[in-house]
Amino acid sequence: QVQLVESGGGLVQAGGSLRLSCAASGRTFSSYAMGWFRQAPGKEREFVAAISWIGLSTNYADSVKDRFTVSRDNGKNTVYLQMNRLKPEDTAVYYCAGRSGSYHAILPREYNYWGQGTQVTVSS
């Protein structure tokens, strides 16, 4: 069992940066691929980024590629999402999620564990 808690969201102007953190409890965190998803009002939850259990491989949605970076520190049981050059369309609740399979998974139903989410608002 893994419990996930996100932090680091907030209000930022377009072009700015934020770093989200996701702290995990549970001794098996290092064996899970971790993903970040987001959900804007009235829209479905969508994939943002994912990282393999060891942290050497990553996967990004086209909309955030070259702006966002996912990383993890297994010693601290934490996964991060560095978000640069933010745009108003990045406004959403951001969720971290974990799964015991490949980091290639991009569908929410493929992830077993979820955090409660953190709000990111980008003003124009």
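Everything numeric here is computed off the predicted structure, so don't read it as measured data.
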| pair Leu20-Met83: side-chain heavy atoms closer than 4.5 Å | yes

| field | For the student: nearest non-hydrogen atoms of Ala33 and Gly101, plus distance | value | CB-O, 3.4 Å

| said: Could you tell me if the side chain of Glu89 sits less than 4.5 Å from the side chain of Val122, heavy atoms only? | reply: no

| Considering all heavy atoms, the nearest Arg85-Arg67 contact | O-NH1, 2.9 Å

| query | Taking the six-membered ring for Trp, are Tyr113 and Tyr32 parallel (under 30°), tilted (30 to 60°) or perpendicular (over 60°)? | reply | perpendicular

| message | So does Ala92 get a backbone contact from the side chain of Gln39, meaning a donor-acceptor N/O pair under 3.5 Å? | response | no

| field | Nearest non-hydrogen partners of Gly16 and Val12, listed with the distance | value | CA-CG2, 3.9 Å

| remark: Minimal heavy-atom distance between Ala97 and Leu4, with the atoms involved, is CA-CD1, 3.8 Å

| task | Could you list all the disulfide bond (SG atoms under 2.5 Å apart) pairs where at least one residue sits in residues 10-107, not counting sequence neighbours? | result | Cys22-Cys96

| Single-linkage hydrophobic cluster Trp36~Tyr60, side-chain heavy atoms < 4.5 angstrom | yes

| said: Holding to ring-ring contact (aromatic ring centres under 6.0 Å, His included), I want the full list of residues that pass it with Trp114, two or more places apart in sequence or in another chain. | reply: Phe37

| field | side-chain hydrogen bond (donor to acceptor under 3.5 Å, both in side chains) pairs, two or more places apart, involving residues 72-81 | value | Arg72-Asn74

| Quick one: side-chain hydrogen bond (donor to acceptor under 3.5 Å, both in side chains) pairs with a partner in residues 102-111, sequence neighbours left out? | none

| task | Under the salt bridge (charged side-chain N to carboxylate O under 4.0 Å, His left out) rule, what do Asp90 and Lys87 come out as? Steps first, then yes or no, please. | result | CA-CA 5 Å; Asp90 294 318; Lys87 305 175 181 180; over 6 Å; no

| said: Please identify which of these residues, Leu81, Val79, Val70, meets the side-chain contact (heavy atoms from CB on, under 4.5 Å) condition with Met34. | reply: Val79

| field | Heavy-atom check, side chain of Arg38 versus side chain of Val64, under 4.5 Å | value | yes

| Within a reach of under 6.0 Å around NZ of Lys43, are more than 12 heavy atoms found that belong to other residues, nucleotides or ligands? | no

| Nearest non-hydrogen partners of Ser17 and Asn84, listed with the distance | OG-OD1, 3.0 Å

| How far apart are the closest heavy atoms of Val2 and Ala24, and which atoms are they? | CG1-CB, 4.0 Å

| message | Looking at Gln116, I'd like to know if its CD atom is crowded, meaning that more than 12 non-hydrogen atoms belonging to other residues, nucleotides or ligands lie closer than 6.0 Å. | response | yes

| Okay, side chain of Thr118, backbone of Tyr94: is any donor-acceptor separation there less than 3.5 Å? | no

| query | Is Phe68 close to Leu86 at the side-chain level, that is, under 4.5 Å between some pair of heavy atoms? | reply | yes

| Which residue pairs satisfy the disulfide bond (SG atoms under 2.5 Å apart) criterion with at least one member in residues 50-89, sequence neighbours excluded? | none

| said: Which residues end up grouped with Trp53 if you chain together Ile, Leu, Val, Met, Phe, Trp and Tyr wherever their side-chain heavy atoms are less than 4.5 Å apart? | reply: Ile54, Leu56

